[in-house]
Amino acid sequence: MGLETNIKSSIRDVPDFPKPGIMFKDITPIFENQNLCNEITDGFVSSIQGKPDAIVGIESRGFLFGFLLANKLGIPFILVRKAGKLPYKTIGYEYDLEYGSAKIEMHEGSIRKNWNVVIHDDLLATGGTASAAASLVEMQGAKVSAFTFVVGLGFLNGKDKLISHSNNIICLAQY
Ligand code: AMP
């Protein structure tokens, strides 16, 4: 079986979570399968062109494969978290949600000017979060060379929000 089929057979669909009308793609069963975890990490390694300077992982499920990928490539892993969660000095970016706004942060000085970074999260939905992470990276004089996701929900057109940052958008399993 191909990687996409293997991923899809390990994803659990949870209807109406966290609110009515949402079909939540639960990736936690993947972490019970070491072979699949290795295949996913290798799948990302072979889809990324060249060697980036760092992987930026988005809270919280983006930390899981984001860190494995960075470690496999032998490059730094940088955490993006919701405002107020990181202990040291931070740099933040505020972005609009359907109702209201949200803020994400990373530690000051973790990204260097002119770095090429890959932004990673578990799932691409509307693209709002990954696009905000890309803006936070670019504010610091670095470039986004790719986005990687385990799952992409194509019907939400999240790629449209990311394309201005990088057109290298990798989703290993597409719905
Ligand atoms: P978005 O900013 O709309 O692309 O949302 C992406 C973030 O929300 C990711 O961190 C996902 O973990 C989470 N997310 C959004 N929709 C879903 C879904 N249907 N199933 C699982 N996670 C989701």
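Computation of the quantities below employed the complete heavy-atom set of this structure, encompassing side-chain atoms and omitting hydrogens, waters and symmetry-equivalent molecules. As the structure lists them, so they are numbered: ligands from 1, and atoms in each ligand from 1.
Aromatic ring centres of Phe44 and Phe149 lie farther apart than the 6.0 Å criterion allows.
In this structure, the side chains of Lys25 and Leu153 come closer than 4.5 Å at one or more pairs of heavy atoms.
Within 4.0 Å of ligand 1, counting heavy atoms only, the contacting residues are Met23, Phe24, Lys25, Arg61, Asp121, Asp122, Leu123, Ala125, Thr126, Gly127, Gly128, Thr129, Leu153.
No side-chain donor-acceptor contact under 3.5 Å links Glu105 to the backbone of Leu86.
Remark: Lys72 engages Asp42 in a salt bridge, criterion side-chain N to carboxylate O under 4.0 Å. Salt-bridge formation is not detected for the pair Lys103/Glu94: no Lys NZ or Arg NE/NH1/NH2 atom is positioned less than 4.0 Å from an Asp or Glu carboxylate oxygen.
Put simply, the residue from Leu79, Leu123, Ile119 that forms a side-chain contact (heavy atoms from CB on, under 4.5 Å) with Ile58 is Ile119.
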